[in-house]
Amino acid sequence: MSISHLAEDTAALRKARGAFFTPAPLSRFIAQWALRSATDRMLEPSAGDAEFMVAAAHRLRELAGDESAIMVDGVEIHPPSAAAGERRVRQAGAQARMRVADFFDVAPEPHFDAVIGNPPYIRYQDFTGTSRAKAQRAALAAGVALTGLASSWAAFTVHASQFLKTGGRLGLVLPAELLSVNYAAPVRSYLFSAFASIDLVLFEQQVFPEAEAEVVLLLAEGYGQGPAHFASFSHTRDAQTLESMPEEPQPWVPLSTAGKWTANQVSGRVSADVDALRRSGTFAELAQWGETTLGTVTGNNRFFALSPQQVQELGLRGEDTVLLSPPGSAHLRGLELTTEDLQRLGSAGGATHLFCPPENPTGGAAEYIRVGERSAVHKGYKCRTRRIWYRPPLMDPADLLLTYMNADTVRLVGNPAQARHLNSVHGLYLAPEHQRLGRAVLAVAALNSVTLLDAETVGRTYGGGILKMEPREADRWLVPSPRTVAACAPRLKAIRTEVAELLSEGDLSMAVARVDAIILPAAGLADEDRVHEIRQARHALATRRAVRGGSRGRR
């Protein structure tokens with residue numbers, strides 16, 4: 001919608017306060033759902049220029065069917081937006097009771113039949129100081145303890161519900177983070193406990209491209225009459241198709257209300273098959289194999305990550321650098337990273353060396369450190385907080401590397417080159433009893449349809465359709481158990497070369513099919529129809545992720 005009437009309100013200022021204005025079909029849909037009677041009282045708690053208040057005014061006028069006075073309530077922190085919102089409500093034939101305030105400063109008044117709106121979306125990096133403290137206190141007053149990683153919408157959702165009467169309805173546009181991120185776990189539990197029913201609407205395409213974040217509609221009903229025993233999920237293409245959603249909502253019962261809600265997008269039979277593999281011990285969480293850790297944070301990759309040519313030009317000696325898996329993970333799409341791979345990457349200009357000289361460097365290393373100091377590299381936060389700024393922390397080379405940001409799927413890659421890794425990938429350090437087996441064939445075994453499907457539900461999706469896997473999520477990632485891999489090891493070794501060739505040709509599907517034929521029957525899943533359903537479920541999730549991200553991605 002146009003906001004040209006707020007000439008002084010720039011896009012940068014709106015982003016800073018988390019304001020992304022809502023398409024009219026979306027606010028209209030929520031108002032139609034939330035308001036059932038002409039006497040319903042509604043509140044838009046982050047009103048902006050009152051898109052939801054206007055939609056509510058039209059809805060209440062429709063329900064009244066006469067010239068009765070219509071009153072709608074709102075709270076807005078930005079005075080010019082609040083004034084513009086009041087004008088828009090009057091133009092819609094209603095009166096606006098607008099309070100100009102920070103919503104977290106407003107004490108809950110449980111007088112409303114419906115609270116609807118689009119909460120501000122401010123990531124935790126920018127949601128700091130007094131604002132975060134107030135938000136956390138507001139959520140805690142409702143019995144919800146949020147971590148410092150929580151974005152603004154999480155506390156906002158909890159606080160907004162406190163303004164509802166018993167039986168009231170909460171209709172919000174929320175980031176899809178609600179479904180998957182760890183910091184939202186207390187919010188997920190709270191919603192199940194506070195409401196009698198929960199409906200969610202998921203979109204195939206991005207609704208707010210400028211926010212680079214996917215959204216869901218939360219439609220929670222029966223405040224104070226919970227707990228809900230299941231959630232219902234609907235899917236639609238975009239805001240314009242909300243009114244004509246073709247499918248019936250699909251009920252879903254979570255294993256844990258705090259757990260991720262992404263598994264709802266998988267059929268009951270597929271979920272049952274995956275759960276059976278977990279319970280049987282033929283598949284296990286990756287944590288059973290070892291520990292997944294973050295990579296080295298240099299503080300300035302351009303300075304510390306060097307190509308072989310740079311190493312030579314700088315006159316660095318062997319003790320001044322260690323072998324490095326170059327920044328990023330585009331080169332980690334096969335089964336392993338070998339010394340030959342590093343040589344090839346280095347010849348092409350890749351940064352295959354990490355600068356980490358002795359404490360008392362001499363020669364070329366000492367001169368390069370002086371270059372860094374003249375460029376103020378040592379004043380960056382990570383560098384200045386180290387005891388010796390030019391020595392980034394080194395961990396032992398990981399047994400396997402695990403890709404962090406993925407267009408297609410998460411990959412486990414062997415590390416026979418014994419390269420160090422940066423924080424653009426993770427390292428898997430195998431438990432001593434699993435090192436020999438894991439180094440030999442775990443990367444192959446992990447290329448099965450069950451593991452790829454679980455990556456889509458355990459990981460999280462970000463703008464651009466990227467699948468992201470944090471270490472704590474990787475710990476819960478379902479892979480073949482050591483028992484299963486040991487039983488299949490000879491056959492996995494036999495297909496290793498073929499699988500590597502298929503991956504080099506970009507044929508992930510065929511590589512996965514070859515691994516499936518060995519791993520899944522050994523795990524007790526031999527029915528081809530059931531395997532096909534699992535493949536289709538993974539394909540559907542990956543496709544939806546890619547479409548929402550605006551690209552088809554690679555599969």
Side-chain angles (χ1 to χ4, degrees), residues 26-27 29-36 40 42-45 52 108 110 112-119 121 139 142-144 146 150-151 153-204 207 214-236 239 242 245 247-268 271 457 460-461 544:
L26 215 158
S27 55
F29 176 85
I30 292 179
Q32 291 278 338
W33 170 83
L35 298 169
R36 317 281 177 84
D40 279 351
M42 68 75 62
L43 170 69
E44 183 177 5
F52 285 85
F112 296 94
D113 301 280
V115 175
I116 61 177
N118 179 6
Y121 179 53
V144 179
L146 297 174
S151 296
W153 66 267
F156 200 97
T157 300
V158 175
H159 190 51
S161 71
Q162 303 299 292
F163 290 75
L164 289 169
K165 296 177 181 177
T166 299
R169 294 172 290 280
L170 182 68
L172 299 178
V173 184
L174 297 179
E177 292 177 1
L178 167 69
L179 306 179
S180 61
V181 297
N182 295 327
Y183 77 70
V187 180
R188 293 192 288 267
S189 284
Y190 171 76
L191 291 172
F192 261 89
S193 65
F195 290 89
S197 70
I198 298 171
D199 295 298
L200 294 110
V201 180
L202 283 64
F203 296 93
E204 294 174 0
V207 176
E214 299 170 31
V215 300
V216 298
L217 303 189
L218 169 68
L219 308 174
E221 186 171 359
Y223 176 72
Q225 298 174 333
H229 299 294
F230 63 89
S232 295
F233 286 78
S234 301
H235 298 83
T236 191
L242 274 169
M245 282 189 291
E247 63 177 57
E248 288 294 318
Q250 298 298 310
W252 172 72
V253 180
L255 294 176
S256 163
T257 56
K260 294 190 178 187
W261 292 358
T262 46
N264 75 84
Q265 300 171 62
V266 176
S267 74
S271 294
T457 60
R460 63 185 78 175
T461 304
R544 180 172 291 148

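Not counting sequence neighbours, the partners of S27 by the side chain to side chain donor-acceptor pair (under 3.5 Å) test are E51. A search for ring pair (Phe, Tyr, Trp, His ring centres under 6.0 Å) contacts involving F163 returns F103, H159, not counting sequence neighbours. With sequence neighbours excluded, the residues forming a side chain to side chain contact (heavy atoms under 4.5 Å, CB included) with Q162 are P108, A142, Y190, Y223, listed by chain and number. A search for salt bridge (charged side-chain N to carboxylate O under 4.0 Å, His left out) contacts involving D199 returns nothing, not counting sequence neighbours. For P110, the side chain to side chain contact (heavy atoms under 4.5 Å, CB included) criterion is met by no residue, not counting sequence neighbours. Partners of S180 according to the side chain to side chain donor-acceptor pair (under 3.5 Å) rule, which considers only residues two or more places apart in sequence or in another chain, do not exist here. Under the ring pair (Phe, Tyr, Trp, His ring centres under 6.0 Å) criterion, F192 pairs with W261, not counting sequence neighbours. By the side chain to side chain donor-acceptor pair (under 3.5 Å) test, E221 is found to be paired with R36, residues two or more places apart in sequence or in another chain being considered.
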Worked check of side-chain contact (heavy atoms from CB on, under 4.5 Å) between V173 and F52: CA-CA 11 Å; V173 184; F52 285 85; 3.9 Å; yes
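A salt bridge between D113 and K165 is present, with a side-chain N of the basic residue lying under 4.0 Å from a carboxylate O of the acidic one.
Here the side chain of R460 pairs no donor or acceptor atom with the backbone of V181 at under 3.5 angstrom. S161 contributes a side-chain N or O that, together with a main-chain N or O of V158, makes up a donor-acceptor pair within less than 3.5 Å.
Residues T257 and R188 form no side-chain contact, since every pair of their non-hydrogen atoms from C-beta on lies 4.5 Å or further apart.
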